[in-house]
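Everything below concerns the one structure shown next.
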Amino acid sequence: MERILRINMTDRTAIYEDVPETYKERAGRWLTSSIIHDEVPATCHPLGPNNKLVFSPGIVTGTSSPTSSRISVGGKSPLTGGIKEANAGTGWARRLANLGIRALVVDGQATDGFWLVKITCDGATFEPADAWTGEKLSAVYPTVFDKHDGVETVDICSIGVAGEHKMPAAGICFNDQNGRPSRYAGRGGLGAVMGSKGLKFIVVDSKGAPGITPSNQEVFDGGRKKMAAALTEHAITKPEGALNSYGTAVLVNIINEVGGLPTNNFRYGRFDGAAKIAGEAIFEGNKERTGSTLYNHACSPGCIIRCSNTWHREDGTEHTSCIEYESAWALGANCGIDNLDQVAELNQLCNDYGLDTIEIGGTIAVAMEGGLAEFGDGERAIELLHEIGQGTPLGKMLGAGAVVTGKTLGVARVPAVKGQNMPAYEPRAIKGIGMTYAISTMGADHTSGYTIAPEILGVSGKLDPLNPDKAELARNFQYATAFIDTTGHCLFIAFAILDIASGFEGMIEECNGMLGTAWTADDVGRIGKEILDMERAFNQQAGFTPADDRLPEFMIYEKLPPHDVTWDIADSELDKVFGG
Ligand code: SF4
């Protein structure tokens with residue numbers, strides 16, 4: 001039977017509870033947001049003792065369902081001041097699910113240094129972790145693995161020095177299948193929340209775990225097969241397809257072509273150096289430096305899509321993994337940097353210090369605008385990253401994110417919503433994603449509702465990105481995304497299931513097979529709405545109003561080349577998306 005494990009860091013105790021009846025169908029984002037909504041005072045300080053950090057594997061995580069090893073992490077965000085859900089693909093999620101833990105809730109605060117929690121079939125144990133603080137995660141992870149029987153036996157969740165310093169740009173790190181500390185629940189500063197609790201590592205050992213079994217194996221298997229077939233067939237998700245060959249960075253050239261690649265702190269929509277940092281350049285560069293054609297790998301067990309890349313130095317040794325589209329853009333185009341080795345070094349420093357690449361790339365760009373560096377100066381950007389890693393006063397300002405850095409340096413052009421820097425799509429040139437940024441409960445976040453699929457990629461139809469009539473699209477994508485985040489599937493299944501109806505059916509049947517429910521397509525919208533309503537209610541109680549559902553002023557008066565477009569969607573239209 002699945003249970004909730006509660007860890008109190010104040011007195012270092014751990015107790016198991018049965019999953020309450022009201023939560024019996026909930027997992028992933030539905031459960032993390034439910035627990036935050038129900039248990040965390042919305043007005044509490046995100047780094048104080050009343051905030052909680054919640055981890056939950058999805059409904060099908062831990063099963064043979066493809067591309068489903070996601071862990072959802074929830075808490076009140078120190079970056080936005082609202083509710084936050086971030087998720088990552090990692091074997092850690094699978095081990096937690098196989099131990100029968102539907103949710104792990106971290107409460108309280110240690111006042112005597114940092115701690116490692118180890119979770120096994122026998123419960124949770126605590127050990128001091130101060131000896132591992134202040135170091136790069138790539139140096140620390142091997143020793144933690146060695147002490148706990150290796151990557152075959154355990155997976156590790158942790159914070160880096162950014163989380164130790166409680167910086168709002170700190171993410172929560174998980175290892176990939178090769179043990180690299182490289183997979184992040186990055187956004188919203190949940191690494192700072194973990195740091196505020198004195199929690200450095202959560203090691204999960206699933207030896208002897210009971211595993212999880214579907215309520216109805218036949219229904220589950222039918223759904224799983226439909227899902228696998230859709231992922232294997234679709235051009236974007238299939239083996240040696242777009243994502244497997246070039247990773248998510250395949251988007252650099254595509255988004256640049258449509259004039260939506262934010263460049264030099266959202267000053268332009270096209271970057272002259274785009275081709276040099278694109279997925280194709282990563283693929284060709286690796287081939288030249290390693291002598292082999294490297295297709296990408298899976299970040300977590302059971303992924304069919306396998307979109308995660310690596311980058312190699314000139315001598316053929318591995319430099320970093322993974323350079324996602326968002327990271328190539330944030331640390332590249334948005335800072336005017338077109339040198340892939342410098343982008344790779346910045347990416348690796350974010351991995352090592354425990355930072356969200358999107359927030360940090362956005363922050364460095366704002367710092368460049370504020371005079372701390374020239375756009376395009378990759379070496380200076382690397383120096384600034386080291387300031388964060390060393391926890392200097394300058395580093396702490398940068399680690400606090402783009403809004404704080406902009407205020408400190410007197411920069412008016414800060415591309416943030418609800419305190420969170422925008423991701424890699426220009427809202428003036430792609431209106432639907434702009435609506436998503438504005439109204440998302442998470443602050444500016446593309447993964448809240450990835451309207452890029454129809455607006456740019458022609459998935460589930462093709463829409464004009466400059467057409468502002470996107471309210472229904474933005475709403476429905478947010479509902480569907482909240483459901484996918486609940487299943488435990490990676491969001492990238494969306495390409496296949498939006499185009500292939502049987503894949504969408506398969507997702508629902510998998511859930512029905514696991515839970516014994518009889519959900520239909522209507523329930524996807526119903527559950528998504530329920531999740532969004534809860535998150536919006538939390539944010540309202542925290543003090544958010546419709547005035548927070550807005551894009552920054554400079555986007556209204558400043559034309560974006562090459563299309564010379566402004567943000568021209570009326571506030572009243574934004575307020576209509578969720579019914580005011
Ligand atoms: S599609 Fe990519 S990010 Fe998603 S689970 Fe697979 S390898 Fe990880």
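Every number for a ligand or one of its atoms is a count from 1 in the order of the listing. Since this is a predicted model, take the numbers as computed values, not measurements. For reference, positions follow the sequence shown, starting with 1.
Checking Arg224 against Ser64 by side-chain atom types alone, a donor-acceptor pair falls below 3.5 Å. Of the N and O atoms on the side chains of Gln478 and Ser448, not one donor lies less than 3.5 Å from an acceptor on the other residue. One side chain, Thr317 or Arg313, offers a donor N or O that lies under 3.5 Å from an acceptor on the other.
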Can Arg26 and Ser34 be said to form a side chain to side chain donor-acceptor pair (under 3.5 Å), step by step? CA-CA 9 Å; Arg26 302 184 192 190; Ser34 295; 2.9 Å; yes
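Salt bridge Asp155/Arg183: absent, no basic N to carboxylate O contact under 4.0 Å.
Summarising the local packing, CD of Gln217 is surrounded by more than 12 heavy atoms from other residues, nucleotides or ligands at distances under 6.0 Å.
Listed by atom number, the atoms of ligand 1 under 4.0 Å from Arg183 heavy atoms are 3 (S).
Protein N, O or S atom count below 2.8 Å of atom 2 (Fe) of ligand 1: the structure gives 1.
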